[in-house]
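Order of appearance sets the numbers: ligands from 1, and atoms from 1 within every ligand.
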Amino acid sequence: MNISFYKYQGTGNDFVMIDDRDEVLDLSDISWVKRLCDRKFGIGADGLIAIRNHKDYDFEMVYFNSDGSQSMCGNGARCAVAFAGQLGIVSEKTNFLAIDGPHEALLSDSIVELKMGDVSSIDVLEEDFFVNTGSPHHIRMVEEIDSYPVFEQGKEVRYSEQYQPAGTNVNFIQKQSEERIFVRTYERGVENETLSCGTGVTAAALAFAADREAATIQIQTLGGELAVRFEKAPRGGYQNIWLIGPAERVFSGEIKL
Ligand SMILES: N[C@H](CCC[C@H](N)C(=O)O)C(=O)O
């Protein structure tokens, strides 16, 4: 069976996007997901997203990491909103469903503002932090982030005993100012450093500015610039968390499944 696909990227986190509203894809068999994401034998991507109809929302996004595992993906969700705009499913505002629940998003030109789920707590782990922003994230503040061994250190934390069996994503942060951080991420399910991670920079911004009533943090990643806005919730935790940045179509094609 041949299928059409689009390739999108959000600050260098890249995805195969498929309009599966006619539900022809077998989402229970992940072998084709891994092949399409393979950078030598397939299209090549950090992840793959299938868009499906849903009776209660504009659309549903089903996200797969390149190893076939599923999770919430912030950059992928921003790209899904841009793709839904391209398909004419949404215009400026949308409500869609992802694995971690419903999300609101705003689309203007190639900028997508994505409302993330509320965060109930930030766990302090000696020098580090842990935050779940729809997917799990370990956060470590470092100096000299340019030369930091992200792959080696990220892999060690991702497979450490404390996170077995599910594992975690691992984000390294360097403070650049009170309002700006540089974030590099080792991503679970990609099992490598990615150029950016949407749920990761959201977790990093919350951990960095955890004591503020409200904040907008600019985040530099290897793949481009993102911003995260949030406020403290009255009964603890954080709410009105928005992930903001570009989402762009790179190319389209057809491939044999
Ligand atoms: N690898 C992550 C999911 C994708 C996260 C990242 N691509 C994002 O933009 O949030 C995980 O397995 O939890």
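Residue contact annotation: His137 has no non-hydrogen atom under 4.0 Å from ligand 1. By the 4.0 Å heavy-atom criterion, Asn13 is counted among the residues contacting ligand 1. Distances from ligand 1 to the non-hydrogen atoms of Asn65 include at least one value under 4.0 Å.
Contacts between Asn169 and ligand 1, counted as non-hydrogen atom pairs separated by less than 4.0 Å, involve the side chain only. Counting heavy atoms under 4.0 Å from ligand 1, residue Thr199 touches it through both backbone and side chain. Of the heavy atoms in Asn75, both backbone and side-chain atoms come closer than 4.0 Å to ligand 1.
Polar contact with ligand 1: absent for Tyr63 (N/O pair, distance under 3.5 Å). Between Cys73 and ligand 1, a contact under 3.5 Å exists for no N or O pair. Inclusion of Gly74 in the set of residues having an N or O under 3.5 Å from an N or O of ligand 1 is warranted.
A tilted orientation is assigned to the rings of Tyr6 and Phe83, their planes being inclined by 30° to 60°.
Test Asn171, Thr202, Thr168 against His137 for side chain to side chain donor-acceptor pair (under 3.5 Å) and you get one pass: Asn171.
Of the possible polar contacts, one joining the Asp46 side chain to the Asp14 backbone as a donor-acceptor pair under 3.5 Å is found.
For ligand 1, the atoms sitting less than 4.0 Å from at least one non-hydrogen atom of Ser71 are 3 (C), 11 (C), 12 (O), 13 (O), numbered in the order shown with element in parentheses.
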